[in-house]
There are 2 protein chains.
Amino acid sequence: MPERRVTMADVARKAGVSPTTASFALSGRTDMRISDASRRRVLEAARELGYRPNVTARSLRTKSTQTIGFVSDRITTTPFAGEVIRGALEAARERDHLLFITEAGGDRAAESSLVHALLDRQVDAVIYASMFTRYVTPPKELFGRRVVLLNCLAPGFDAPSVVPDELEAGRDAARALLAAGHREGIWAIGGHQAVPATPEGIIAGNERMRGLEEVLRAGGARLDGVVECDWNTPDGHREVSALLAAGHRPRALVCLTDRVSMGAYQALGEAGLSVPGDVSVVSFDDQDIAAVLRPALTTLKLPHYQLGRRAVELILRKGPLEAVVHRVPMPLRERASIGAPAEG
Amino acid sequence: MPERRVTMADVARKAGVSPTTASFALSGRTDMRISDASRRRVLEAARELGYRPNVTARSLRTKSTQTIGFVSDRITTTPFAGEVIRGALEAARERDHLLFITEAGGDRAAESSLVHALLDRQVDAVIYASMFTRYVTPPKELFGRRVVLLNCLAPGFDAPSVVPDELEAGRDAARALLAAGHREGIWAIGGHQAVPATPEGIIAGNERMRGLEEVLRAGGARLDGVVECDWNTPDGHREVSALLAAGHRPRALVCLTDRVSMGAYQALGEAGLSVPGDVSVVSFDDQDIAAVLRPALTTLKLPHYQLGRRAVELILRKGPLEAVVHRVPMPLRERASIGAPAEG
DNA sequence: CCCCTTTGTTAAATCGGATTAGCAAGTTGC
DNA sequence: GCAACTTGCTAATCCGATTTAACAAAGGGG
């Protein structure tokens, strides 16, 4: 049985002052006059007793719990998105805040009840996060609260969003290919996902493709074709096999995810083509497999850690939140899958 | 600005009773006599006003916050271990509890300060989790508290542990090979990790190997050799390549992790050997890649989701916790990498 | 010497509930 | 008809802090 916690009353008693004085001495407020002698005695007593304020009790009066709620659809499960949580956790720790993590699994009713559970515990603010970048409508319980949208957008909902800069990432993919000398024989595998079967495609696909096409065109290069397909390994394998079987001979593939790239690798390998000797590959996401594939995959990293961190930094900033979209850069991870275009 | 929360006083006023009566009516306690009429009026008023109790305020009196602290070294980051959190989250939600998730990143000082932050917020209990199964010494602040150790063991620390049943998993790997007809040409890649460079090997390696050898021997089979190496993809690739180069011709490989298996696949492929036609592979962990490799990998799943769930279920059980080790089964995921032994 | 500040401190109220102790009105027992 | 219960409810206190209001004591000015 844990011994009774030391309270401020204990500290005050030991220091020979009233609880009021102890409170002011400990909070270090200067608007209430406390003599240096008293202050020192209180601080000393607190140190000796190992006093720690009861945040719960304090919050009853101050309304602040130094606590943030984190509501997501299913973020812990997404293999690489755990980084979002780590980023949020670290930023929160630096500011002496704790995070209630919750997952509603896409269930609206569960989402509402979790938000209630958070509000019942007096969280100071709520981060509403999605595992893939997409449009959302937050539960009504969050209206009028201090909220930051993480990896999602909600037009009409008055809160800032933090999302990856997919547009610039598309441009960077194009720049990487141009820099290696590619001008033709370039194919995109995965496409816009204009009517997506894969939820993560909704926004990312469009923006990546838009940035890609813009810079390729400006650089005097041509996109030979766009293969629209889902974003998983079997899709990449199937579509690239089909592409080769149809007689096409791409010099560079822009795969919309690392999983698609893995499928592309398999298909190229089966066709006896080497990466990057015969075909260069540039990808998006930087999942774990990207570094492990042979050759290692050059890819534009989804900045999950930074997304989590930025959301917390934003929400703990003083002052009101502005409904602005914050775009976090997607760094290029240069590895071994891009080479000079093959002759022929 | 969110409008003022409805308090119990509001409900009492609307129902025309005292706060005391409202409190008893709402908590539904039967030891204090409240007339059915009053009870109904209070419940009705609460419903109409949308009253929700302030858990923080309540906890000041009751000491219970319906809140659990979760301290880990770096669990969100470990790609597949996020399932631990999901299991814990779901079990907690079913019981109307919320989780404070924290990560100390292996830093003892950070760990202490996080535990303090949790205790300052009056958590009812703490789950102390490790990303890999290993021996730990929890921070002294947790002594005498309600604690469950998750995926770790702490001899001398009075708390239950929840860990994967690695021993039985080793046995199951052996049984799977025996069932396919394997009796010889069996090699283990990864080994005991008696003096491990890879932290996850400390306990898992020993137990997996012990179970494996026990059942193989009992089944009249022989383990031709054990290759001691780290547990990552390059290690599997290197060691299996070396094994083949040395003239060995294994019929079955027991790879101690899926990452080692992936390396083994690469090495076998480069040598022109097929799985499972020439060589069967059985593995441990069931990371995401296991299902994606070609052929799909037969592996013993680390039950992360169940570990998280069990820990929460245990900690929320009434009554004192017993310092017992709970072993969670590792289910066999039968896929396509085990076949009959090759002739030869 | 008295009034007015300034300084240092504390009693008391507050936050939103839970809990203890007690009080009025109606019933029962004899 | 009065003590003893039972029923139904409420006043008051507590939980551990913060904050407001007020109050002594000391110093300064005239």
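The analysis underlying the following values was restricted to heavy atoms, covering all of them including side chains, and did not include hydrogens, waters or symmetry mates. Chain letters run A, B, ... following the sequence lines, proteins first, then strands; residues in each count from 1.
In the region residues 34-52 of chain B, proximity to DNA chain D at under 4.0 angstrom, judged on heavy atoms, holds for B/Ile34, B/Ser35, B/Ser38. Within residues 56-64 of chain A, the residues that place at least one heavy atom under 4.0 Å from DNA chain D are, in residue-number order, A/Ala57, A/Arg58, A/Leu60, A/Arg61, A/Thr62.
Under the 4.0 Å criterion applied to side-chain N and carboxylate O atoms, B/Glu44 and B/Arg41 are not assigned as salt-bridge partners. Salt-bridge annotation for B/Arg5 and A/Asp120: present, with a side-chain N of the basic residue lying under 4.0 Å from a carboxylate O of the acidic one. The pair A/Arg134-A/Asp73 meets the salt-bridge criterion, since a charged nitrogen lies less than 4.0 angstrom from a carboxylate oxygen.
Base contact: A/Thr21 has a heavy atom under 4.0 Å from a base atom. In this structure, B/Ser23 reaches the bases: a heavy-atom distance under 4.0 Å links it to at least one base atom across the strands shown. Nucleic acid contact class of A/Val55 (heavy atoms, under 4.0 Å, all strands): none. Within the 4.0 angstrom heavy-atom criterion, base atoms lie near A/Met8.
With sequence neighbours excluded, the residues forming a side-chain hydrogen bond (donor to acceptor under 3.5 Å, both in side chains) with B/Tyr305 are B/Glu90, B/Arg309, listed by chain and number. Residues passing the salt bridge (Lys or Arg N to Asp or Glu O under 4.0 Å) test with B/Asp31 are B/Arg29, sequence neighbours excluded. Take A/Tyr51 and apply the ring-ring contact (aromatic ring centres under 6.0 Å, His included) test, not counting sequence neighbours, and it matches no residue. Among residues two or more places apart in sequence or in another chain, the salt bridge (Lys or Arg N to Asp or Glu O under 4.0 Å) test is passed with B/Arg13 by B/Asp10. Residues that satisfy the salt bridge (Lys or Arg N to Asp or Glu O under 4.0 Å) test with B/Arg61, not counting sequence neighbours, are absent from this structure. The side-chain hydrogen bond (donor to acceptor under 3.5 Å, both in side chains) search around B/Arg33 returns none, not counting sequence neighbours. Checked against side-chain hydrogen bond (donor to acceptor under 3.5 Å, both in side chains), B/Arg108 has the following partners two or more places apart in sequence or in another chain: B/Glu111.
The two residues B/Ala88 and B/Leu99 have their closest heavy-atom pair at CB-CD2, 3.7 Å.
Of the residues near DNA chain D, B/Arg33 and A/Pro19, the one whose nearest nucleotide (by heavy atom distance) lies more toward the 5' end is B/Arg33. Position along DNA chain C of the nearest nucleotide to A/Ser18 versus B/Thr20 favours A/Ser18 as the more 5'-ward residue.
In this model, no donor atom of one side chain and acceptor atom of the other lie less than 3.5 Å apart for B/Ser23 and B/Thr20. Between B/Thr56 and B/Ser59, the side chains place no donor N or O within less than 3.5 Å of an acceptor N or O (distance only, hydrogens not considered). Defined by atom type and a distance below 3.5 Å, a donor-acceptor pair is present between the side-chain atoms of A/Thr67 and B/Arg121.
Looking at heavy atoms from C-beta onward, B/Leu314 lies in side-chain contact with B/Pro160 at the 4.5 angstrom threshold.
Aromatic pair A/Phe100/A/Phe70: ring centres not closer than 6.0 Å.
Comparing the end axes of the helix from C/dC1-D/dG30 to C/dC30-D/dG1, each fitted to five base pairs by superposing C1' atoms of four pairs onto the next four, gives an inter-axis angle of 60° (nearest 10 degrees).
On the nucleic acid side, DNA chain C contacts chain A at distances under 4.0 Å to non-hydrogen atoms, with the end points of that region at C/dT7 to C/dG16. Where DNA chain D meets chain A (any atom under 4.0 Å from a heavy atom), the bounding nucleotides read 5' to 3' are D/dG16 to D/dT20.
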